[in-house]
Amino acid sequence: MTTGVGGAGVVAAGVPFVASFAPSERAKAVGAPVTASIAGLREEKLMTVEWRGKPVWILRRSPAQLESLQSQELHALLVDPLSHRAEQQPPYASNPYRSIRPEIGVYVAICTHLGCIPTYRPDVNAPDLRPRWPGGFFCPCHGSYFDLAARVYRNVPAPTNLVVPPYRFVSDAVIEIGVDPKST
Ligand code: FES
């Protein structure tokens, strides 16, 4: 009997405790997927959306930019050109473009070194960057380089490629970030 009362008390006390951990509406909104229209996004242009408090880039790559990503010369300079590190992208983005569609790249814009936001530098052969720069991203905080698929170069402070978030195409012109394609 004593055991039964004590057990009931534990359960009763546990209810408000658990309830206090239920996510608030605001918390749910902060973690919710976000949609973005890419209808007006032109080739070689980048737009930024916020997802879970983080900046996320959407880049529309041009045919010339896509071609540059296949260069063996470039691959030799990268840490993980074929996206073997599974934690850096969902399986459907584990390819040389690190994306669902080759022309549209979606990347969390946070440097994998210490968290700065890299800058988009599509200007080929930029004199202030690496020799034979093919376009990509540069983190000015400590000098890390990433290519146009957000793959990190060797011998820079950042250890890994930028992260690809979960995302899907709702339509040709709308992307939803925070949701995998198969959860439609
Ligand atoms: S935070 Fe980007 S190189 Fe250090």
Side-chain angles (χ1 to χ4, degrees), residues 27 30-34 36 38 41-62 64-167 175-180:
V30 167
V34 295
I38 57 170
L41 186 62
R42 289 178 288 123
E43 282 185 357
E44 302 196 4
K45 295 298 179 189
L46 185 78
M47 60 184 284
T48 305
V49 299
E50 186 179 328
W51 171 66
R52 294 190 171 176
K54 303 173 192 169
V56 175
W57 290 323
I58 304 175
L59 170 64
R60 189 186 291 277
R61 290 176 287 233
S62 65
Q65 289 182 325
L66 288 175
E67 191 177 335
S68 79
L69 292 179
Q70 306 191 45
S71 156
Q72 291 305 309
E73 182 187 345
L74 171 63
H75 284 198
L77 299 173
L78 303 174
V79 170
D80 184 14
L82 301 179
S83 299
H84 284 142
R85 293 191 63 153
E87 71 275 18
Q88 299 307 115
Q89 64 279 310
Y92 47 84
S94 183
N95 56 56
Y97 306 110
R98 306 186 68 235
S99 59
I100 296 173
R101 294 185 190 170
E103 72 275 20
I104 303 293
V106 181
Y107 308 107
V108 175
I110 295 179
C111 182
T112 53
H113 180 221
L114 292 176
C116 289
I117 298 178
T119 53
Y120 177 45
R121 294 295 305 270
D123 37 336
V124 174
N125 293 324
D128 59 325
L129 299 179
R130 300 172 63 101
R132 299 166 61 81
W133 176 248
F137 302 94
F138 173 64
C139 184
C141 285
H142 312 97
S144 288
Y145 296 93
F146 304 86
D147 77 352
L148 290 162
R151 299 176 295 188
V152 70
Y153 279 71
R154 296 180 186 275
N155 304 315
V156 300
T160 54
N161 297 340
L162 301 185
V163 170
V164 179
Y167 72 97
I175 292 178
E176 186 172 29
I177 297 165
V179 180
D180 290 315

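Computation of the quantities below employed the complete heavy-atom set of this structure, encompassing side-chain atoms and omitting hydrogens, waters and symmetry-equivalent molecules. All ligand and atom numbering here is 1-based and tracks the order in the structure.
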Is there a side-chain contact between Pro122 and Gln65, using heavy atoms and a 4.5 Å cut-off?
yes
Measuring from non-hydrogen atoms of Gly115 to any atom of ligand 1, is the shortest distance under 4.0 Å?
yes
Could you check whether atom CZ of Arg154 has more than 12 heavy atoms from other residues, nucleotides or ligands sitting under 6.0 Å from it?
yes
Give a yes/no verdict on a cation-pi contact between Arg130 and Tyr145, requiring under 6.0 Å between NZ or CZ and the six-membered ring centre and an angle within 45° of the axis.
yes
Which of the atoms in ligand 1, numbered in the order shown and given with their element, are less than 4.0 Å from a heavy-atom of Cys116?
1 (S)
Got a sec: is Cys111 within less than 2.8 Å of atom 4 (Fe) of ligand 1 via an N/O/S atom?
no
Students should be able to answer this: which protein heavy-atom is nearest to atom 1 (S) of ligand 1, and at what distance?
Leu114 N, 3.2 Å
Which ligand 1 atoms, with their elements, are less than 4.0 angstrom from a heavy-atom of Ser144?
3 (S)
How about CG on Asn155, more than 12 heavy atoms from neighbouring residues, nucleotides or ligands closer than 6.0 Å, or not?
no
Angular separation of ND1 (His113) and ND1 (His142) seen from atom 4 (Fe) of ligand 1, to 10°
100°
Assess whether atom CZ of Arg101 is packed by more than 12 heavy atoms of other residues, nucleotides or ligands within 6.0 Å.
yes
